[in-house]
**Student:** 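Take this structure first; my questions come after.
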Amino acid sequence: MAAKVLISGAGGFVGSVLAPGLRKCGYQVAVLVRRKPLCADEFYWNPEHGLLDRKALERVGVFVNLSGASISARWTKKKRAEILSSRVGTAAFLAENILAMEKPPALLVTASAVGYYGYGGVSAVEDSPRGEGFLAEVCEKWEKASLPVREKGTRVVAARLGVVLGKGGGVLKKLLPLFRMNLGGKLGDGNQPMSWVAARELPFVFDFLIRKESLEGAVNVTFPECVSNAEFTRLFTGALHRKAFLSVPSFVLKAALGRMAEELLLGGVDARPAKLQKAGYLFRYGGLEKFLQEELR
């Protein structure tokens with residue numbers, strides 16, 4: 001019988017794909033929600049107030065933590081505090097609850113990001129050092145907050161996600177209206193690398209992480225072939241049968257969005273999935289051109 005998987009942050013884009021995808025893979029999936037539960041697979045929690053329905057933890061074999069506030073906004077002091085606390089504070093709260101369990105889960109997968117490696121076009125694999133910048137700091141603290149559960153024998157994987165692409169949410173959902181009106185374009189000079197992964201690939205990756213007990217620590221969840229922002233723009237417009245007449249100058253993005261634009265939109269990182277490939281994972285949805293044509297048809 002497949003393990004019971006408990007997911008926090010299942011209401012976000014990644015969770016909305018991962019939960020049903022893991023069910024199709026044969027797992028019993030339960031989710032933590034911040035509203036009144038509507039079915040037997042939902043359990044209430046409020047980490048800011050230290051509340052968690054203990055029934056959610058019964059017979060859990062795998063815990064997946066996807067919780068975290070959106071980073072797609074100007075990083076004011078208040079926003080930076082929210083981004084950090086929604087990840088580090090929540091991860092620490094979950095770790096405390098796991099440590100208190102009589103029978104802790106065999107695996108904790110905590111979401112992280114390739115922003116760990118910094119920005120500015122760096123190339124990285126899992127053993128590359130932490131980079132510079134706000135996102136790198138957040139990712140490091142986020143990942144460390146989950147490590148105490150190893151004391152109970154729980155295997156810990158930090159899934160460092162690239163840009164997750166799917167028309168149901170995230171970047172593509174935001175860009176589609178603009179590009180369909182021929183208002184899309186490259187950002188800055190367009191040379192910044194973009195590490196990406198198909199949203200529909202994620203259930204298979206996480207299933208692999210669950211079954212491959214030799215995998216632990218940081219794991220880059222990205223497609224092996226990185227693209228530049230300019231190449232992404234070209235392929236995206238091509239899949240929509242549109243043209244990209246415009247580009248957004250770097251100084252405009254920096255003036256409007258400050259540090260967020262510099263790190264997230266103009267920086268970029270080429271993060272390769274060395275551990276997944278070495279462990280034998282075969283990507284199902286790959287080649288950005290083919291993926292976009294299938295996703296957007």
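Remember, predicted model here, so these are calculated numbers, not experimental data.
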**Student:** Mind checking the OG-CG spacing from Ser8 to Leu32? Nearest 0.5 Å is all I need.
**Tutor:**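 Result: 6.0 Å between the selected atoms.
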**Student:** May I ask you to test the Leu57-Leu52 pair for a side-chain heavy-atom distance under 4.5 Å?
**Tutor:**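 Leu57 vs Leu52: side chains touch.
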**Student:** Quick one, Lys55 with Glu58, criterion salt bridge (Lys or Arg N to Asp or Glu O under 4.0 Å). Give me CA distance, side-chain angles, the key distance, then yes/no.
**Tutor:** CA-CA 6 Å; Lys55 292 181 181 178; Glu58 294 177 359; over 6 Å; no
**Student:** Are Val205 and Val62 linked, directly or through intermediate hydrophobic residues, by side-chain heavy-atom contacts shorter than 4.5 Å (ILVMFWY only)?
**Tutor:**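 The answer is yes; both residues are in one hydrophobic cluster.
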**Student:** Provide the full list of ring pair (Phe, Tyr, Trp, His ring centres under 6.0 Å) pairs with a residue in residues 4-53, sequence neighbours left out, each pair given once.
**Tutor:**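 Checked against ring pair (Phe, Tyr, Trp, His ring centres under 6.0 Å) - neighbours excluded - no pair reaches residues 4-53.
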**Student:** Tell me the closest heavy-atom pair linking Ala145 and Ala91, and the distance in Å.
**Tutor:**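 Minimum heavy-atom separation between Ala145 and Ala91: CB-CB, 3.7 Å.
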**Student:** Can you list the residues that meet the side chain to side chain donor-acceptor pair (under 3.5 Å) rule with Glu262, with sequence neighbours excluded?
**Tutor:**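 Here no residue qualifies.
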**Student:** Applying a strict under-4.5 Å side-chain criterion to I, L, V, M, F, W and Y, I'd like to know whether Val138 and Val114 cluster together.
**Tutor:**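 Not linked; separate clusters.
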**Student:** Please check: side-chain N/O of Ser146 versus main-chain N/O of Thr110, any donor-acceptor pairing under 3.5 Å?
**Tutor:**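 Flag not set: sc Ser146 to bb Thr110 has no pair under 3.5 Å.
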**Student:** For the residue pair Val64 and Phe206, establish whether any side-chain heavy-atom pair is separated by less than 4.5 Å.
**Tutor:**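 When only atoms from C-beta onward are counted, Phe206 and Val64 do touch, with a gap below 4.5 Å.
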**Student:** Between Lys4 and Ala30 (side chain of the first, backbone of the second, donor and acceptor by atom type, cut-off under 3.5 Å), is there such a pair?
**Tutor:**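 Between the backbone of Ala30 and the side chain of Lys4 there is no qualifying donor-acceptor contact (under 3.5 Å).
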**Student:** Donor-acceptor pair, distance only, cut-off 3.5 Å: does the side chain of Thr222 make one with the backbone of Ala271?
**Tutor:**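 Side chain of Thr222 to backbone of Ala271, a donor-acceptor pair under 3.5 Å: yes, one is there.
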**Student:** Taking only residues two or more places apart in sequence or in another chain, which ones pass salt bridge (charged side-chain N to carboxylate O under 4.0 Å, His left out) with Glu126?
**Tutor:**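 Applying salt bridge (charged side-chain N to carboxylate O under 4.0 Å, His left out) to Glu126 gives none.
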**Student:** Ignoring hydrogens, what is the shortest heavy-atom contact between Ala124 and Asn220? Give both atom names and the distance.
**Tutor:**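 Where Ala124 meets Asn220 most closely, the heavy atoms are O-ND2, 4.1 Å.
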**Student:** Ala136 and Gly131: which non-hydrogen atoms are nearest, and at how many Å?
**Tutor:**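 Of all heavy-atom pairs spanning Ala136 and Gly131, the closest is CB-O, 3.3 Å.
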**Student:** Would you name the heavy atoms of Ala10 and Val31 that are closest together and state the gap between them?
**Tutor:**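 For Ala10 versus Val31, the nearest heavy atoms are CB-CG1, 3.5 Å.
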**Student:** Partners of Phe204 by ring-ring contact (aromatic ring centres under 6.0 Å, His included), sequence neighbours excluded?
**Tutor:**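 Listed in chain order: nothing, the list is empty.
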**Student:** So, do Leu276 and Val219 sit near enough that their side-chain heavy atoms are less than 4.5 Å apart?
**Tutor:**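 The answer is yes, as the side chains (C-beta and beyond) meet within the 4.5 Å cut-off.
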**Student:** Is Arg80 salt-bridged to Glu137, cutoff N-O under 4.0 Å?
**Tutor:**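 Looking at Arg80 and Glu137, the cut-off is not met.
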**Student:** Under the ring pair (Phe, Tyr, Trp, His ring centres under 6.0 Å) definition, can you give me all pairs with a residue in residues 53-78, not counting sequence neighbours?
**Tutor:**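 Qualifying pairs: Trp75-Phe134.
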**Student:** Is a donor on one side and an acceptor on the other found under 3.5 Å between the side chain of Asn46 and the backbone of Leu51?
**Tutor:**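 No, because the side chain of Asn46 does not come within donor-acceptor range (under 3.5 Å) of the backbone of Leu51.
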**Student:** Just checking Glu132: does its CD atom have more than 12 heavy atoms from other residues, nucleotides or ligands closer to it than 6.0 angstrom?
**Tutor:**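 No, the 6.0 Å shell around CD holds no more than 12 heavy atoms from other groups.
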**Student:** Using side-chain heavy atoms (C-beta onward) and a distance below 4.5 Å, is Leu296 in contact with Phe236?
**Tutor:**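 When only atoms from C-beta onward are counted, Phe236 and Leu296 do touch, with a gap below 4.5 Å.
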**Student:** Please give me the minimum heavy-atom distance between Ala274 and Val125, naming the atom from each residue.
**Tutor:**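 Heavy atoms only, the tightest pair is CB-CG1, 3.9 Å.
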**Student:** Donor-acceptor pairs are to be reported for all side-chain atoms of residues 150-171 against protein atoms at under 3.5 Å, with residues two or more places apart or in another chain.
**Tutor:**
from: Lys152; atom 1: NZ; to: Leu99; atom 2: O; distance (Å): 2.8
from: Lys152; atom 1: NZ; to: Met101; atom 2: O; distance (Å): 2.8
from: Thr154; atom 1: OG1; to: Pro105; atom 2: O; distance (Å): 2.7
from: Arg155; atom 1: NH1; to: Leu209; atom 2: O; distance (Å): 3.1
from: Arg155; atom 1: NH1; to: Lys212; atom 2: O; distance (Å): 3.2
from: Arg155; atom 1: NH1; to: Leu215; atom 2: O; distance (Å): 2.7
from: Arg155; atom 1: NH2; to: Leu209; atom 2: O; distance (Å): 3.2
from: Arg155; atom 1: NH2; to: Ile210; atom 2: O; distance (Å): 3.1
from: Arg160; atom 1: NE; to: Glu143; atom 2: OE2; distance (Å): 2.8
from: Arg160; atom 1: NH1; to: Tyr117; atom 2: OH; distance (Å): 2.8
from: Arg160; atom 1: NH2; to: Glu143; atom 2: OE1; distance (Å): 2.9
from: Lys167; atom 1: NZ; to: Glu295; atom 2: O; distance (Å): 3.2

**Student:** Would you compute the distance between atom CZ of Phe232 and atom CG of Leu172 and round it to the nearest 0.5 angstrom?
**Tutor:**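 Interatomic distance, Phe232 CZ to Leu172 CG, rounded to 0.5 Å: 5.5 Å.
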**Student:** Can you list everything that forms a side chain to side chain contact (heavy atoms under 4.5 Å, CB included) with Val252? Sequence neighbours excluded, please.
**Tutor:**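 With sequence neighbours excluded, Val252 shows a side chain to side chain contact (heavy atoms under 4.5 Å, CB included) to Val248, Pro249, given in chain and number order.
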**Student:** Strictly distance-based, threshold 3.5 Å: is any side-chain N or O of Arg74 a donor or acceptor partner for the main-chain N or O of Ala256?
**Tutor:**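 Looks like yes, one N/O pair under 3.5 Å.
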**Student:** When hydrophobic residues are tied together by side-chain contacts of less than 4.5 Å, even through go-betweens, does Leu282 share a cluster with Trp196?
**Tutor:**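 No.
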**Student:** Verify the cluster assignment for Val109 and Leu94: are they in a single hydrophobic cluster under the rule of side-chain heavy atoms below 4.5 Å apart?
**Tutor:**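 No: no chain of side-chain contacts under 4.5 Å links Val109 to Leu94.
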**Student:** Give, for atom CD of Gln293 and atom CG of Leu240, the distance between the pair rounded to the nearest 0.5 Å.
**Tutor:**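 It comes to 10.5 Å.
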**Student:** Kindly compute the distance separating CG (Leu147) from CG (Leu108), expressed to the nearest 0.5 Å.
**Tutor:**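 Leu147 CG to Leu108 CG: 9.0 Å, rounded to 0.5 Å.
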**Student:** Given the rule that I, L, V, M, F, W and Y join up when any side-chain heavy atoms are under 4.5 Å apart, are Phe93 and Leu66 in one cluster?
**Tutor:**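 No.
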**Student:** If you compare all heavy atoms of Cys139 against all heavy atoms of Ala113, which two are closest, and at what distance to 0.1 Å?
**Tutor:**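 In this case the closest contact between Cys139 and Ala113 is SG-O, 3.7 Å.
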**Student:** With side chains defined as the heavy atoms from C-beta onward, is the minimum distance between Pro273 and Phe283 less than 4.5 Å?
**Tutor:**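 Yes, side chains in contact.
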**Student:** Enumerate the salt bridge (charged side-chain N to carboxylate O under 4.0 Å, His left out) contacts for residues 18-35, please, sequence neighbours excluded, ordered by first and then second residue.
**Tutor:**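 Every pair satisfying salt bridge (charged side-chain N to carboxylate O under 4.0 Å, His left out) with a residue in residues 18-35: Arg34-Glu48, Arg35-Glu42.
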**Student:** My understanding is that only residues two or more places apart in sequence, or in another chain, count here; which of them pass salt bridge (charged side-chain N to carboxylate O under 4.0 Å, His left out) with Asp207?
**Tutor:**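 With sequence neighbours excluded, Asp207 shows a salt bridge (charged side-chain N to carboxylate O under 4.0 Å, His left out) to Arg211, given in chain and number order.
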**Student:** Supply the atom-to-atom distance Cys226 SG to Met194 CE, rounded to the nearest 0.5 angstrom.
**Tutor:**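 The SG atom of Cys226 sits 8.5 Å away from the CE atom of Met194.
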**Student:** List the atom pairs, donor and acceptor, that lie under 3.5 Å between side-chain atoms in residues 174-188 and the rest of the protein, sequence neighbours left out.
**Tutor:**
from: Lys174; atom 1: NZ; to: Ser72; atom 2: OG; distance (Å): 3.4
from: Asn182; atom 1: OD1; to: Lys243; atom 2: N; distance (Å): 3.2

**Student:** Enumerate the side chain to side chain donor-acceptor pair (under 3.5 Å) contacts for residues 94-103, please, sequence neighbours excluded, ordered by first and then second residue.
**Tutor:**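 Sorted pair list: Arg54-Asn97.
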**Student:** Hey, could you give me the CG/CZ distance between Leu292 and Arg297, rounded to the nearest 0.5 Å?
**Tutor:**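 Rounded to the nearest 0.5 Å, the CG-CZ separation comes out at 12.5 Å.
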**Student:** Apply side chain to side chain donor-acceptor pair (under 3.5 Å) to Glu140 and list each qualifying residue two or more places apart in sequence or on a separate chain.
**Tutor:**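 Glu140: side chain to side chain donor-acceptor pair (under 3.5 Å) contacts with Arg130.
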**Student:** Treating Thr237 as the side-chain partner and Arg234 as the backbone partner, does any N or O pair qualify as donor plus acceptor under 3.5 Å?
**Tutor:**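 Present.
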